[in-house]
Protein chains: 2
Amino acid sequence: MFNFAPAFQTYYVMSEFNDKQHEILLVAERLFSEHGFDGTSVRDIAKAANINVAMISYYFGSKEKLLEALIIARIAGLRLQIENLHKEALSPFEKIDKLIELYITRINKNKGMYQIIHFEISSKKREINCESFNEVKRYNLEALRDIIEEGQEKGVFKPNINITLIPPTVMGTFFHFQMNRTFYTELLELDTEEKYDHYIKNDLTKHIQKTIKALLTYEE
Amino acid sequence: MFNFAPAFQTYYVMSEFNDKQHEILLVAERLFSEHGFDGTSVRDIAKAANINVAMISYYFGSKEKLLEALIIARIAGLRLQIENLHKEALSPFEKIDKLIELYITRINKNKGMYQIIHFEISSKKREINCESFNEVKRYNLEALRDIIEEGQEKGVFKPNINITLIPPTVMGTFFHFQMNRTFYTELLELDTEEKYDHYIKNDLTKHIQKTIKALLTYEE
DNA sequence: AACAAAACTAAACAAACGTTTAATTTAAAC
DNA sequence: GTTTAAATTAAACGTTTGTTTAGTTTTGTT
């Protein structure tokens, strides 16, 4: 007689989704990152996920709440795995190299999600809750600060370094390269997916590592 | 009897718009950058520009052609004014400083347009003609290459520098800072527009200048 | 087998979308 | 002052939008 839509799941406190919900989230992530939130209709998602349009409202409440659920579900994966890095007996230079490598691989894996978040937080249309995203950024920044201050105490890194602006340089360089992919693909003749990925893993990562190490040791 | 809509103006060869067309382009630029192309309706534009909805189709043919016209009209302004920089009797270091300052002020003035272009070129929905945009990027890259190679010949810059990846670092750092404006506003307590602009003009610009100069002189 | 809850569907809904139409007003030319 | 083209308008067009409804099928429990 009555239809009980599980809209209560929009609290996500349990954050346990069934297979169908996971599939919807996966499809939505791809389409939102490729065409934007406003450029993707619920029917696009339903068609790509092979489900009925009504299932989106049924499982997530609304299209906007689907976006919310997606962001919350994915942000947890953005925190860097730096726990073991701190304990390892490495030089400050090696730690910087490893941290940047962690940054790049992590961003590279979640580039679709970053695309979505970056558009949404700089958009004045919807106000998404970016507090958990900010928390991740603060956490990653503190990890970087620890490593740099350790290097400064050992005398290998120079003082007077604006540590706050280093993540923007690391991530910004990657994103700008990614954003202008077609341009750099043509310029550097990275005509296959493999060549492109190889360039990111090697040349781009090395460029960023070299840049930050140069900055940390630069005599003004 | 017949209505002759000036749809021929969509060729833009003359690229001469009247006051009303300029106003529409200005409003569309703001709204597209704030809410995205798909997040902005022609009625939003019409209301903000105080004109009738039909005027957009009348003057530009369609909403997509309006975007096209906007991009073509604005891209010309993105080329750096480096003509006189090359002639000036400055050291390679001073030239790098000046070029980066030019980069930042230019991006800062056109950040709305960059927001639009970056979303559109990385979107798989519409295929915009980015050739003129790529041309600007190639031109600016060559200007940078000239300065760096001059410095290398003089022996003040090290060899083996990936020049191609320097613009992504310069622009990427700025854009990432801009993209996460609310986060850095809170972190650095830039609670007024003046403080924020001052931080970009001074701290952020100096950070990028220092970073690139460090990279150019870094002994691996 | 019988029942109830959950999962799923096709259809309908109103609102918003980009665009066009047909008519009117404004502006310029003669 | 008349004529003619351009500028501007309100209304309507057909789609597409996100969401809801009302019903059916599936699933799990007793």
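This one's a predicted model, so the numbers in the text were calculated from it and none came from an experiment.
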Quick one: list whatever passes side chain to side chain contact (heavy atoms under 4.5 Å, CB included) with A:Lys98, sequence neighbours left out.
-> A:Leu85, A:Glu88, A:Leu90
What salt bridge (Lys or Arg N to Asp or Glu O under 4.0 Å) pairs are there with at least one residue in residues 163-172 of chain A, not counting sequence neighbours?
-> none
With a 4.0 Å heavy-atom cut-off, tell me which residues in residues 24-42 of chain A come close to DNA chain D, sorted by residue number.
-> A:Thr40, A:Ser41, A:Val42
What is the ring orientation for A:His176 with B:Phe175, classed by angle as parallel under 30°, tilted 30 to 60°, or perpendicular over 60°?
-> parallel
Sequence neighbours excluded - salt bridge (Lys or Arg N to Asp or Glu O under 4.0 Å) pairs with any residue from residues 165-186 of chain A | A:Arg181-A:Glu193
Sorted by position of nearest nucleotide on DNA chain D, 5' first, the leading residue of A:Ala54 and B:Ile51 is B:Ile51
For residues 44-55 of chain B, which residue pairs qualify under side chain to side chain donor-acceptor pair (under 3.5 Å), counting only residues two or more places apart or in two chains?
-> B:Ser41-B:Asp44
In chain order, what residues pass the side chain to side chain contact (heavy atoms under 4.5 Å, CB included) check against A:Glu127, with sequence neighbours excluded?
-> none
For the pair made of CD1 in A:Ile56 and P in D:dT17, what is the distance, rounded to whole Å?
-> 12 Å
N or O in side chain of A:Tyr58 less than 4.0 angstrom from C:dC8 OP1/OP2 | no
Nearest-angstrom distance from the residue atom CG of B:Asn52 to P of D:dA6 | 19 Å
Protein-nucleotide distance (B:Leu67, atom CG; C:dT19, atom P), rounded to Å | 12 Å
Please state how far atom NZ in A:Lys47 lies from atom P in D:dG18, giving the value in whole angstrom units.
-> 13 Å
Residues that B:Ala143 engages under side chain to side chain contact (heavy atoms under 4.5 Å, CB included), provided they are two or more places apart | B:Ile82
Mind calculating the distance between CE (A:Met55) and P (C:dA10) to the nearest angstrom?
-> 12 Å
Ignoring backbone atoms, establish whether B:Lys63 has a side-chain N or O less than 4.0 Å from OP1 or OP2 of C:dC17.
-> no
Does D:dT8 have OP1 or OP2 sitting under 4.0 Å from an N or O in the side chain of B:Tyr59?
-> yes
Among the nucleotides D:dT19, D:dT8, D:dA10, which one has an atom lying closest to any side-chain atom of B:Lys20?
-> D:dT8
Should the ring pair A:Tyr184 and A:Phe177 be called parallel, tilted or perpendicular, given that the plane angle runs from 0 to 90° and is split at 30 and 60?
-> parallel
Euclidean distance, atom CG of residue A:Leu66 to atom C1' of D:dT19 [Å, nearest integer] = 14 Å
Which residues pass the side chain to side chain contact (heavy atoms under 4.5 Å, CB included) test with A:Asn202, sequence neighbours left out?
-> A:His198, A:Lys206
When the distance from NZ of B:Lys125 to C1' of D:dT16 is rounded to whole Å, what number comes out?
-> 11 Å
Rounding to the nearest 10°, end axes of the helix from C:dA1-D:dT30 to C:dC30-D:dG1 built from five pairs each make an angle of 10°
For atom CG of B:Asp44 and atom C1' of C:dC17, their distance in whole Å = 11 Å
